[in-house]
Every structure is written in structure tokens, then in C-alpha cells.
Amino acid sequence: MNKTMEATQNEQNGQVNPPDPNPSHVPQPQSLSKNAQKKLLKQQKYEAKKAEKKAQMKEQKQRDAERKRKEWEEKLAALPEDERLKLIDSRKELRRERMEKRSEERGQKIQRLTQAKETGQNIVVDLEFSHLMTHSEIHSLVQQIMYCYAVNGRCSSPAHLWLTGCEGEMETQLQRLPGFDKWIIEKEKQSYIKAFSDRKDDLVYLTADSETVLHELDPTKVYIVGGLVDRNRWKGITMKKAEEQGIHTAKLPIGAYMKMSSSQVLTVNQVIEILLKFLETKDWKDSFFQVIPQRKRTEGDSENCQEVDGEDCEEETEKKKRCLEVPSHD
């Protein structure tokens, strides 16, 4: 009552109480060090450059399509009627064969992902951190999840992927993805703790802060990857969460096979792709060098593996682009 009277009096006097800069219900990020600020600025410049390059590539693609269309029309115009009809029929047949092949591949993919629901390695993306991220960061994570699904679908032995804590803006942005409602993936609004309430001892949170090194993937375990972009603001948050929940933790054995140029924090799609590679190859070194981009390694490690796909930033971007070119309805 006294607070209400005070607020009313302040309004009458032309004064408005400023909002609480640190409300108790909103967790505050750790202040960034100078080194972290430099990394953040570098990342922002990289994102801006990437967006510019993406726009240029889109324009180039449109120009190439227009050029090919004109070349096709000119080619047809220069042919006699009978040859023109043969060429058109030949092109139609080629398209038909291509569509049949895609349909066959799509059916095989659906079969593999359906089987993975029964026998595949359970891998969870924990989406309960969306309230700590900006709109653009959530968008970035959604793109990573889309990439994870595409890569998993191409694996000969895919994992059984889960999205837990899928609600709010995170769910809204995921629903905007073409064909998301038909994805063969578990989508849970509830947390992984509730989704696996009868298997709590099987839960293993993957975090770089763990002291336990992951040497093998246990098919009976459920491995959890924190869905969080820009961990510089929230150092140790996944480890703290796992400790509070009383579940196991582990970290990838990166240090045993390569030296990182900075921290061993990887993106969600990188962690999951490493796990998928290991499921197929049973070789950590090969999995790391195929997935971790060159910019995140020291010079020595980069020189030792110059021929591996996806090493530098541009190659990794192109690889993602190829993997994301999947039919929107499966």
C-alpha cells in the first residue's frame, strides 16, 4: 500500500521510478574480459562478412539461373523442330530419373531414421536456455539444429535425436522451418529430466568443464548437448546445471588428439556431428579433424591435415549449405 501511494505521488510530481536494472528473476551474465570482448567483436565482424557474402552468393545464383535459361532458349531456337522436341523430351526424362532417385533416397532416409528411434544412440539438445539468448542467437541455434537433422539423416547409422525444453520463441522459430512438423525427431516441451525420469542415471551432460573424459559412446546412455549460443556470457552454466540436477557429465577427448587455438567450446552442430562421425568410424581423431574447422585449431594441427573437408570457415559454410539442401517435407 505504501509503495502504491509513493508511486502515485512520484507520478504526480513528474517522477517515474526507473526499472530495476537487475531484477532478481533474470540471471545476469558474467562481465566480459578484454580478451572476450575482442573475441566477441571478431565474431560480430565475421557474422557481418558472412551475411554480405551470403547476399552476394544469392545474387550470383540468380544471375547464373537467368544465364542458363537464356542459353537453353537460344539452343532450342537454333534447332529444327524434330531435334528440338527430342532435346526437350531428353531433358524431361533426365528430370524424371533425378526425381525417382531423390524419392528412393528419401525413402531410405525415412527408414533409417525410423529404425534409429528404436536402436539409435540417444542424443538430446537441451533447449532450456532460450531465455538467455537474443532473437538472433536463437535463430542461429535453430539453423544449427536444422543442420544437425540434415547430417543425421545422411548417416548410414543415424542417432535418435531429441529436442527437449522446446517451447516459447525457440519452438516458434523451429515451427517456421519448412517441413519441421514431419521431422523424424523427438520434440518435447518438457525437460530431459522429465522425459527420461526413469533413466536419470543414464543421463550424461557433455560439457567442456567436466573432469571426466568421454572415451566411448555407451549405447545405453543418453548424451545431452547444451543448446546455447555465445557461451562467453555464461561460462560454466551447463556444468552447474548438471551438478544441481545430480546427473553425470563428460567432455570430448579433444585435447588427446589436437590443440585448440582457443577454448574447447564448440557449436551445437559441431558437437553432434562429431558424435555422429564417431558412431560411424569409432575414431575420435578422424571425427575431430573432419568436423572442427581450421580456425579453431593451432597452426601445427592445421598443417597436419590440409586435405580434410570443412577445415576453414568458407569450406565449413559450403559444407553446411550442401547438407541443408534436403527436401523440405521429410
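None of these values were measured; they are calculated from a predicted model. Index from 1, following the sequence.
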Close side-chain approach of Arg67 to Lys70, heavy-atom, < 4.5 Å: no
Derivation and outcome, side-chain hydrogen bond (donor to acceptor under 3.5 Å, both in side chains), residues Thr114 and Gln111: CA-CA 5 Å; Thr114 302; Gln111 185 177 4; over 6 Å; no
Salt bridge (Lys or Arg N to Asp or Glu O under 4.0 Å) evaluation trace for Glu186 with Lys117: CA-CA 9 Å; Glu186 305 298 339; Lys117 291 169 72 72; 2.5 Å; yes
Test log, rule side-chain hydrogen bond (donor to acceptor under 3.5 Å, both in side chains), inputs Tyr147 and Glu273: CA-CA 9 Å; Tyr147 176 59; Glu273 189 175 4; 3.0 Å; yes
Test item: Leu174 and Leu127 side chains (from C-beta on) under 4.5 Å apart, heavy atoms: yes
Chi angles and distances behind the salt bridge (Lys or Arg N to Asp or Glu O under 4.0 Å) call for Glu243, Lys240: CA-CA 5 Å; Glu243 289 177 336; Lys240 182 180 179 182; over 6 Å; no
Flag side-chain contact, heavy atom, 4.5 Å: Lys42 against Tyr46: no
Where at least one partner belongs to residues 153-172, residue pairs that pass ring pair (Phe, Tyr, Trp, His ring centres under 6.0 Å), sequence neighbours excluded: His160-Trp162, Trp162-Phe196
Single-linkage hydrophobic cluster Leu266~Val213, side-chain heavy atoms < 4.5 angstrom: no
Connected-component partners of Ile88 among ILVMFWY, side-chain separation under 4.5 Å: Trp72, Leu76, Leu79, Leu87
Chi angles and distances behind the side chain to side chain contact (heavy atoms under 4.5 Å, CB included) call for Leu228, Ile237: CA-CA 10 Å; Leu228 181 61; Ile237 191 171; 3.6 Å; yes
Distance-only side-chain donor-acceptor flag, His248 / Asp202, under 3.5 Å: no
N/O donor-acceptor pair under 3.5 Å between Thr172 side chain and Gly168 backbone: yes
Polar contact flag, side-chain donor to acceptor under 3.5 angstrom, Ser140-Gln143: no
Geometric class of the Tyr257/Phe288 ring pair [parallel <30°, tilted 30-60°, perpendicular >60°]: tilted
Ser197 side chain to Ile193 backbone, donor-acceptor under 3.5 Å: no
Distance under 6.0 Å and angle within 45° of ring axis: Lys241 vs Phe129: yes
Backbone N/O of Lys92 and side chain of Glu97: donor-acceptor pair under 3.5 Å: no
NZ/NE/NH1/NH2 to OD/OE distance under 4.0 Å, Lys189 and Glu171: yes
Backbone of Leu203 reached by a side-chain donor or acceptor of Tyr223 within 3.5 Å: no
Backbone of Lys282 reached by a side-chain donor or acceptor of Lys277 within 3.5 Å: no
Carboxylate-amine/guanidinium contact Lys68 Glu71, below 4.0 Å: no
Ionic contact status for Arg84 with Glu81, cut-off 4.0 Å: yes
Flag for Gln60-Arg63: side-chain donor and acceptor within less than 3.5 Å: yes
Minimum heavy-atom distance between Ile272 and Cys148, given as atom pair plus value: CD1-SG, 3.8 Å
Side chain Tyr149, main chain Leu161, donor-acceptor under 3.5 Å: no
Path from Val271 to Met239 over hydrophobic side-chain contacts below 4.5 Å: no
Donor-acceptor contact present, side-chain Glu188 to main-chain Ala195, <3.5 Å: no
Backbone of Phe278 reached by a side-chain donor or acceptor of Ser287 within 3.5 Å: yes
Contact check, side chains of Ser157 and Arg112, non-hydrogen atoms, under 4.5 Å: no
Student check: side-chain heavy atoms of Ser130 and Glu169 closer than 4.5 Å: no
Donor-acceptor pair, side chain of Arg154 and main chain of Lys109, under 3.5 angstrom: no
Flag side-chain contact, heavy atom, 4.5 Å: Gln144 against Val229: yes
Other cluster members, Leu41 - Ile/Leu/Val/Met/Phe/Trp/Tyr, side-chain contacts below 4.5 Å: none
Asn152 side-chain N/O to Ala159 backbone N/O, donor-acceptor pair under 3.5 Å: yes
pair Leu113-Trp183: side-chain heavy atoms closer than 4.5 Å: no
